[in-house]
Amino acid sequence: MIGSQELTEPVVDLRVARELGLTEDEYDAILRILGRTPTYTELGIYSVMWSEHCSYKNSIAVLKTLPREGKGLLAGAGEENAGLVDIGNGLAVAFKIESHNHPSAIEPYQGAATGVGGILRDIFTMGARPIAALNSLRFGNPKNARVRYLLKNVVKGIGDYGNSFGVPTVAGEVYFDDCYNGNPLVNAMAVGIVKTDHIARAVAGEPGSAVMIVGSATGKDGIHGATFASVELSGESEARRPAVQVGDPFTEKALLEATLEAIQSGHVVGIQDMGAAGLTCSSTEMSAKGRVGMRLNLDNVPLRDQKMSSYEIMLSESQERMLLVARKGHEEAINKIFRKWDLAVSMIGEVSAGSDVEVFQRERLKARVPAETLVLGGGAPVYHREARLPGYIAEVRDFAASDVMEPADCSKVLLELLGSPTIGSKRPVYEQYDSMVQTSALLGPGESDAAVVRIEGTTKALALKTDCNAAYVYLNPRRGGEIAVAEAARNVVCSGGKPIAITNCLNFGNPYDPEVFWQFKEAVAGIGAACRVLETPVTGGNVSFYNESPEGAVFPTPVIGMLGIIDDLAHVTRSAFDKRGDAIILLGKTAGHLGGSQYLHRQLGSYRGDAPEMDLAAEQALQQTLLALIRSRLVQSAHDISEGGLAVALAECCMGAHKGVGAVVTGLSMWSLRKDYCLFGEDQSRVIITVQATDVDEVMRRCGNAGVDSQSIGSVTSSGRLVIEDWIDVSVAAMQEQYEGAVMGLFGIEGREA
Amino acid sequence: MRSKIKFAVVVFPGSNCDRDAFNAVERIMEQEARFVWHKDTDLGDPDVVILPGGFSYGDYLRCGAIARFSPVMKEVVRFANHGGVVLGICNGFQILTEAGLLPGALLRNESLRFVCMDTFVRVERSDTIFTESCKPGEVLKIPVAHGDGNYYTDEEGLKRLEDNGQILFRYCSAQGKIIAEANPNGSVASIAGIVNTAGNVMGLMPHPERAVDPVLGRIDGRKIFGSLIHSLVRKDNESFSVHS
């Protein structure tokens, strides 16, 4: 009978429950649900399923305020493993972003690698073939040897996994700030394509259907990984190294091919990858969604260590495993496919009537839990946390731009900004990623504001971007949230795409801290507001709380993964200047906003002031107008103005161009602003475009009609110099030296573990 | 007379450029192509066997070291020894050296980092079936993507390669200069690709299959596939056997 435990399992009481991260209230709720004391295995199951990582218990009430409906969405947020958007031609895009911050802080290589592996499985478990990977990384101060060690190994982990798997890593972002010293952020995004009639769902079938585990054997790695992700990092985190999983991209690649083959040949009723909380999460979620139960016999689970207990098997997060429910009578066909790929496949149970997941080991019932009580949207707890305006806000906002000394030599400032790791070229990072495999990336890293990947068998392409300026979010979470969405969308538009949906990865500190929770609520409100105006619904994503180390919380960092569609490959647009004589036109208004800017950070050593203004209606008008201009073939290049302001954007347009290209820019003095405000201010909703000289009037007329500010500010030259008013005059070669060396230097110095 | 060349693209577990190679020769170059599974022992009478890029068997022991023991490799070796044309790209090049069909070895990149970028290679000989559509000294822009592309052979081995004219491609600047800065991995003598003494087996680290579709902005890989197709069709028409 249930409750009888083997001697080796600890006796369950409140103390043990607390050790597993459950609260007293949660433990009481478990007693009420079961009507008895749980077994140790059951307690483990509840503790991981009700962990923040799996249950979203502290965030779900806020997340529900996001716009989650829109044209073409085939699966709502949280309904499936990833968001799903119909793109016509009988095809859908599956995409999602997820964090692997804590594992990467402890064991950067494997942490980052398995972050990539996990998100790829989320995509192909839906029947979609991954066609692109992106990432978003945050590291501490690169002067710190430990930070360089993390950078080097995170990048290698991402590269080794994605390169071997064979998915092009096409875009990403890397920022550096002291706040990430002890807690780097490693967010991985994957994008896949699936035929709409081959979409697989994470649902159990009818009773009697076989439940199969496929892929790698189950080991003791990653036990309680989900729980580990749900506490702050501390000095003892090093002891959590065993909670970090180990990745095997070779097996994952075989698993991809076999899984897609099994799904496409119609043998599979339901399938879910085993990520966080492994067998526990996949079996209970599939059961709950199918409104059925499951009987699992752990004796049939292939193990790396025969002595593993039921608790360990249920909680293992060994990688490269999937749980699938076979269509009745198709079990042997599935067997055959996986064996062809030399992958293990075992029948470990069957779908049962009722609603309980029952777990047996050596003929003993080790757990019997009602699936519904475990899952998000079911019995998992939902908390409404207290939010309070943080004290630091008033402090950082107390700032006047006029207190900043006007620099005498703006050329020097520009070169310094270009040489800073946050602005500098990420080439040393992205060259470690295979961005060309699958021969589908039309524009890879550094070529456009968003990556552009064609869709096989169509004339369409996807425009993809990850984005978040966390300094803005820190200064003003709501506006920072709006800007993160707006900028990601603007980047997609600059590449020629129409933004259609987002996924997000919300990286914050401890949600039990009211000031952190205020940041969270505000940022989500901002994201929601921007998504409503820009008509880019939220298809899902991931919340990562507890991003704190003894040094404090990280900047609130809600990373946006934007999906855009390009209907005609002729609309694909680069960011670099194209031809001598092309006119440079600035779209959008310049007010010289310094708050939160990279320039200010350089001057003061910290982020001060408020985030830049964001007028969502003006943003929408800008994006619609620019996209229409691109579609009319009037735009030769387009580049968003972001970190470092107009001067850095112009520099990037020159450096990305053919050798010898330069620019002469004038007409800024008529703004009657200080030159450093003009050059380095980070006002939003601005884009630099180039057009043929003969098209200037038409472009400006169209902008005028749409109420979008436009100003012709100069032209592309062949001088090899960037000249802005009489404020800046530097050679492109000198800029390139700074820009290219900014991050390369960090890899050059041997970063050893500090 | 025949108009199409038959390519067999070998698929090892862990191959990941197999589809790209297939698409390059079938869709873009408009030839016949089929996949051959690594457990197969029948190549299906191809004109050319392609060992594609990727990470066969995860490259866990050493790049290409396990793949050479794959059942299909016995057939590939037999095919090559009878004069069949074999093209090894990236991981395929590594497998060819492990299988002894080409001399030397591919070591870790000198930087110890994986590198994905466009490279320029200089065509060192244009009188081979792999390069006959190129001009001597022509510079091709073809990307690389590898962690272990650092070609190594000892001094004697290098001398043999040079004396026999086995070096077909060297990394170079856009202008065709052989300089250290243009060498992405530290290869001896900037070697990017070599051929066996019989002239029917070539391995190279750059990926010509990534440089055939104009929409991707790179087309120089066509010269290599084009050379092969051209020479094989011609030989066929001249009613020489490719096995002669």
Side-chain angles (χ1 to χ4, degrees), chain A residues 129 152 155-156 158-170 247-258 340-343 427-447 452-454 456-457 459 461 569-570 572 574 659 744 747-748 750, chain B residues 11-24 27-28 35 37-40 52-61 63 66-67 70 90-91 109 111-119 142-148 174 184 206-218 221:
Chain A
R129 180 174 285 276
K152 197 170 149 179
V155 169
K156 188 166 169 52
I158 290 172
D160 281 0
Y161 204 101
N163 298 347
S164 175
F165 180 83
V167 64
T169 301
V170 293
D248 175 4
F250 167 64
T251 299
E252 178 117 325
K253 163 79 167 138
L255 194 58
L256 160 78
E257 301 296 346
K340 173 185 157 192
W341 288 94
D342 296 320
L343 291 165
R427 187 188 306 276
V429 173
Y430 65 69
E431 277 187 352
Q432 296 186 53
Y433 306 146
D434 189 341
S435 55
M436 302 177 192
V437 65
Q438 295 191 16
T439 50
S440 57
L442 301 180
L443 294 179
E447 295 187 292
V452 177
V453 181
R454 66 170 159 180
E456 206 178 297
T459 55
L569 297 185
V572 172
R574 291 171 182 264
K659 216 169 167 188
M744 184 58 99
F747 284 93
E750 205 54 26
Chain B
V11 183
F12 298 99
S15 293
N16 65 26
C17 302
D18 44 335
R19 288 165 144 242
D20 296 347
F22 184 97
N23 290 343
R27 280 196 210 159
I28 309 286
F35 289 117
W37 184 239
H38 71 115
K39 290 177 188 172
D40 289 350
F55 293 74
S56 55
Y57 300 89
D59 277 349
Y60 285 140
L61 180 60
C63 299
I66 304 178
S70 225
C90 197
N91 194 225
N109 293 350
S111 66
L112 303 181
R113 292 194 296 272
F114 187 95
V115 58
C116 172
M117 62 192 286
D118 278 316
T119 56
I142 304 179
V144 295
H146 58 247
D148 301 75
H207 286 269
E209 82 283 11
R210 296 183 180 189
V212 290
D213 190 345
V215 78
L216 297 174
R218 300 175 189 90

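Just so it is clear, the model here is predicted, and its values are computed rather than measured. Throughout, protein chains are lettered first and strands after them, A, B, ... in sequence-line order, and every chain is numbered starting at 1.
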Closest non-hydrogen atom pair between Lys253(A) and Ser15(B), with its separation: CE-O, 3.0 Å

Would you mind checking which part of Glu447(A) comes under 4.5 Å of any heavy atom in chain B, side chain (CB onward), backbone (N, CA, C, O), both or neither? neither

Measuring heavy-atom distances to chain B, does Arg427(A) have an atom under 4.5 Å in its side chain, in its backbone, in both, or in neither? neither

Scanning both residues in full, the closest heavy-atom pair of Gln438(A) with Asp20(B) reads N-OD2, 2.7 Å

Looking at every heavy atom in both Arg113(B) and Phe747(A), which two are closest together, and how far apart are they? NH1-CB, 3.8 Å

With a 4.5 Å cut-off on side-chain heavy atoms, are Val215(B) and Leu569(A) touching? yes

Non-hydrogen atoms of Tyr433(A) and Phe114(B) that approach each other most closely: C-CE2, 4.3 Å

What's the verdict on side-chain contact (heavy atoms from CB on, under 4.5 Å) for Val11(B) and Glu257(A), showing C-alpha distance, side-chain angles and the deciding distance? CA-CA 12 Å; Val11(B) 183; Glu257(A) 301 296 346; over 6 Å; no

Distance col, row Trp37(B):CH2 vs Trp341(A):CH2, nearest 0.5 angstrom, shows 3.5 Å

Value for CG (Leu112(B)) from NZ (Lys156(A)), rounded to nearest 0.5 Å, stands at 8.0 Å

Nearest atoms (heavy-atom pairs only) where Lys39(B) meets Lys340(A): NZ-O, 3.1 Å

With only heavy atoms counted, which part of Arg19(B) is less than 4.5 Å from chain A, the side chain, the backbone, both or neither? side chain

When you compare the side chain of Arg210(B) with that of Val437(A), does any pair of heavy atoms fall below 4.5 Å? yes

Considering only heavy atoms from C-beta outward, does the side chain of His207(B) approach that of Asp434(A) to under 4.5 Å? no

Between CG on residue Asn16(B) and CG on residue Leu256(A), distance to nearest 0.5 Å: 11.0 Å

Value rounded to 0.5 Å, distance of OH in Tyr60(B) from OG in Ser164(A): 5.5 Å

At their closest point, which heavy atom of Ser435(A) faces which heavy atom of Cys116(B), and how far apart are they? N-SG, 3.5 Å

